[in-house]
Amino acid sequence: MPFELGEPGEWRSEEQLARDAMHREIINTGACSNPVHLRTISLDKKTGELRVFDIRIACKDRRAALCSSCAARYRSDAFFLAVSGLVGGKGLPSGVANHPRLFATLTAPSFGAVHTVRDDGRCRPRRTPPCEHGSPTSCRQRHGDDDVALGAPLCERCFDYEGAVVWNAMASALWHRTVDRLRRRLAASEGLSEPAFRACAQIHQLRVAETQRRGLIHLHAILRADGPDGPASDPPAWLTSELLANELLWAVASISIRAPDGTKIRWGTQLDVAQLANLEDAGRVAGYVAKYATKTVEGSLGLVRAFQTREWILMTQTTEHLRRLALAAWDLDDRRELRGLRPRDHAHTLGFAGHLVTKSHGYSTTFAALRQARADFALKEIPDEVDIP
């Protein structure tokens with residue numbers, strides 16, 4: 001068996017060398033589950049010799065269902081992205097911790113009764129008459145967290161699958177319109193025009209989209225009020241956390257937009273708005289937001305990539321309810337007025353076409369800046385004698 005000299009006084013077999021090479025690849029890819037394989041060709045200008053060698057890099061996928069190691073790194077970056085906008089750091093002054101800050105959760109309206117878990121652990125215990133299709137509209141069971149019935153409709157024929165997909169497709173537009181309405185309401189509360197409001201205050205936000213068990217998007221959002229110069233300046237004294245919360249509640253309750261097919265898109269009645277008063281609140285909220293940044297639709301591997309055919313959806317391993325939503329998104333592309341929403345391209349996300357994590361420019365740092373800082377730090381740790389290709 002061939003041997004090769006390793007450390008002084010140590011002989012290493014081919015098996016040991018192969019194991020060490022594999023270990024180096026794992027370290028270089030950050031323990032990525034699905035590394036990207038690249039073939040590199042280099043030219044020696046003196047001899048004209050071509051060298052061909054393979055390298056592997058991390059996939060950098062944010063979805064934990066596909067790659068837990070890359071998702072963990074993405075989740076860590078999302079945490080710092082969120083927390084720096086709440087307490088400072090990563091280029092932001094610590095004074096932002098004293099600015100008015102909110103954490104809000106906005107939900108979708110009901111498109112049909114679904115199995116759920118209420119505060120007392122029951123589903124739908126109240127006795128009600130059957131629906132028009134003869135299906136029961138009550139459920140006296142206590143569903144466990146892993147019960148596949150959770151989120152599924154009590155009657156599939158009563159559930160508005162097309163309406164749910166259109167709502168998902170319009171959720172990002174509804175959120176942007178809500179933030180615009182909030183700014184106008186804050187300006188009107190002091191009798192200011194919108195340009196005058198922008199001259200004395202700014203509203204920055206970060207939001208994360210999460211898919212509920214019933215297949216509808218709901219949003220977790222952090223909002224912060226700053227002065228005219230952004231995070232470096234304090235907002236006017238009249239712009240308090242209480243005013244920000246009250247006007248957000250009003251904006252959410254009053255806002256509506258029209259989908260291309262004329263459907264009115266509104267928020268659901270379930271809304272939670274909390275003022276962030278201390279560092280403990282900020283850390284908890286940042287961790288909460290980062291957790292959802294790597295989620296897929298119910299953690300299902302069948303809904304992580306875009307579908308190429310309708311038959312692919314039929315063969316996908318997922319719940320029947322989510323399959324019907326994906327099929328509804330695929331079929332909605334046949335309606336000319338809805339093609340602009342590209343529902344077929346986003347059938348795997350049940351119609352949702354936006355980014356899962358978005359923020360305003362002045363909220364905090366960026367993912368690119370965090371990755372560059374990590375790369376710069378790692379480069380400093382490499383000894384000078386190591387030859388970097």
Side-chain angles (χ1 to χ4, degrees), residues 34 61-67 71 107-117 123-124 131-137 139 141 143-172 209-219 259 261 263 265 268 292 294-335 337-356:
N34 302 287
D61 201 295
R62 61 156 191 85
R63 295 165 292 187
L66 284 180
C67 182
T107 61
S110 174
F111 292 91
V114 298
H115 292 280
T116 185
V117 178
C123 181
R124 294 180 178 272
C131 70
E132 60 179 310
H133 305 108
S135 300
T137 56
C139 176
Q141 295 185 24
H143 301 288
D145 290 339
D146 57 348
D147 193 337
V148 295
L150 283 175
L154 276 69
C155 176
E156 292 183 348
R157 287 186 289 177
C158 288
F159 194 89
D160 183 6
Y161 283 94
E162 291 187 356
V165 170
V166 172
W167 195 95
N168 281 344
M170 298 294 296
S172 293
E210 179 201 0
T211 306
Q212 297 174 294
R213 290 178 184 266
R214 58 180 176 141
L216 272 297
I217 292 293
H218 69 175
L219 302 181
D261 62 350
T263 303
I265 305 297
Y292 290 111
T294 58
K295 277 191 62 177
T296 53
V297 181
E298 280 303 291
S300 172
L301 282 173
L303 297 173
V304 297
R305 303 193 188 280
F307 296 114
Q308 301 300 318
T309 64
R310 196 175 192 277
E311 288 70 24
W312 188 345
I313 303 176
L314 294 172
M315 294 185 296
T316 294
Q317 294 184 355
T318 185
T319 66
E320 185 59 28
H321 175 58
L322 297 181
R323 189 194 323 278
R324 289 172 69 96
L325 281 168
L327 288 171
W330 184 275
D331 295 338
L332 279 176
D333 205 71
D334 294 332
R335 293 172 55 179
E337 69 274 17
L338 293 175
R339 286 179 184 170
L341 299 179
R342 298 168 58 198
R344 185 166 295 180
D345 294 342
H346 303 285
H348 63 298
T349 56
L350 312 181
F352 181 69
H355 293 286
L356 289 187

In sequence, state the C-alpha distance, the side-chain angles, and the governing distance for Arg305 and Leu66, and then conclude on side-chain contact (heavy atoms from CB on, under 4.5 Å). CA-CA 10 Å; Arg305 303 193 188 280; Leu66 284 180; 3.7 Å; yes
Walk me through it: do Val148 and Glu320 pass the test side-chain contact (heavy atoms from CB on, under 4.5 Å)? CA-CA 10 Å; Val148 295; Glu320 185 59 28; over 6 Å; no
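- Here the CD atom belonging to Glu210 is positioned 8.5 Å from the CD1 atom belonging to Ile217, to the nearest 0.5 angstrom.
- Gly215 and Leu325 get closest at one heavy-atom pair: CA-CD1, 3.7 Å.
- Contact of the Leu314 side chain with the Leu327 side chain is registered, since non-hydrogen atoms from C-beta on lie closer than 4.5 Å.
- Rounding to the nearest 0.5 angstrom, the gap separating the CD atom in Gln212 from the CG atom in Leu350 is 11.5 Å.
- Remark: Arg62 engages Tyr74, Leu356 in a side chain to side chain contact (heavy atoms under 4.5 Å, CB included) (not counting sequence neighbours).
- In plain terms, the two heavy atoms of Pro109 and Trp167 that are nearest each other are CD-NE1, 3.2 Å.
- Looking only at side-chain heavy atoms (C-beta outward), Leu216 and Asn168 come within less than 4.5 Å of each other.
- Side-chain contact between Arg344 and Phe307 is absent, with no heavy atoms from C-beta onward closer than 4.5 Å.
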Set out, in order, the CA-CA distance, both residues' side-chain angles and the distance that settles side-chain contact (heavy atoms from CB on, under 4.5 Å) for Val166 and Leu338, then state yes or no. CA-CA 8 Å; Val166 172; Leu338 293 175; 4.2 Å; yes
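- In this structure, the side chains of Leu341 and Met170 come closer than 4.5 Å at one or more pairs of heavy atoms.
- Annotation for Cys67 and Asn34: closest pair CB-ND2, 4.2 Å, computed over non-hydrogen atoms.
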What donor-acceptor contacts under 3.5 angstrom involve side-chain atoms of residues 149-160, with partners at least two apart or in another chain?
{"from": "Glu156", "atom 1": "OE1", "to": "Arg324", "atom 2": "NH1", "distance (Å)": "3.3"}
{"from": "Arg157", "atom 1": "NH2", "to": "His133", "atom 2": "O", "distance (Å)": "3.3"}
{"from": "Asp160", "atom 1": "OD1", "to": "Gly163", "atom 2": "N", "distance (Å)": "2.9"}

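- When Arg339, Arg342, Glu162, Glu337 are each tested for a side chain to side chain contact (heavy atoms under 4.5 Å, CB included) with Leu332, only one passes: Glu162.
- Not a single side-chain hydrogen bond (donor to acceptor under 3.5 Å, both in side chains) links His346 to another residue, sequence neighbours left out.
- Summarising the geometry of Ala328 relative to Tyr161, their closest heavy-atom pair is CB-CB, 4.0 Å, with the distance given to 0.1 Å.
- With hydrogens and angles ignored, the 3.5 Å screen pairs a side-chain donor or acceptor of Arg124 with a backbone N or O of Val114.
- Aromatic ring pairs are classed by plane angle as parallel below 30°, tilted from 30° to 60° and perpendicular above 60°; the pair His115 and His143 is perpendicular.
- Between Leu219 atom CG and Thr107 atom OG1 the span is 9.5 Å, to the nearest 0.5 Å.
- The OG1 atom of Thr294 sits 10.5 Å away from atom CG of Asp61, with the distance rounded to the nearest 0.5 Å.
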Start with the C-alpha gap between Thr211 and Phe352, add the side-chain angles, then the distance that decides, and say whether side-chain contact (heavy atoms from CB on, under 4.5 Å) holds. CA-CA 9 Å; Thr211 306; Phe352 181 69; over 6 Å; no
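- Within the 3.5 Å criterion, the main-chain N or O of Ile313 finds a donor-acceptor partner in the side chain of Arg323.
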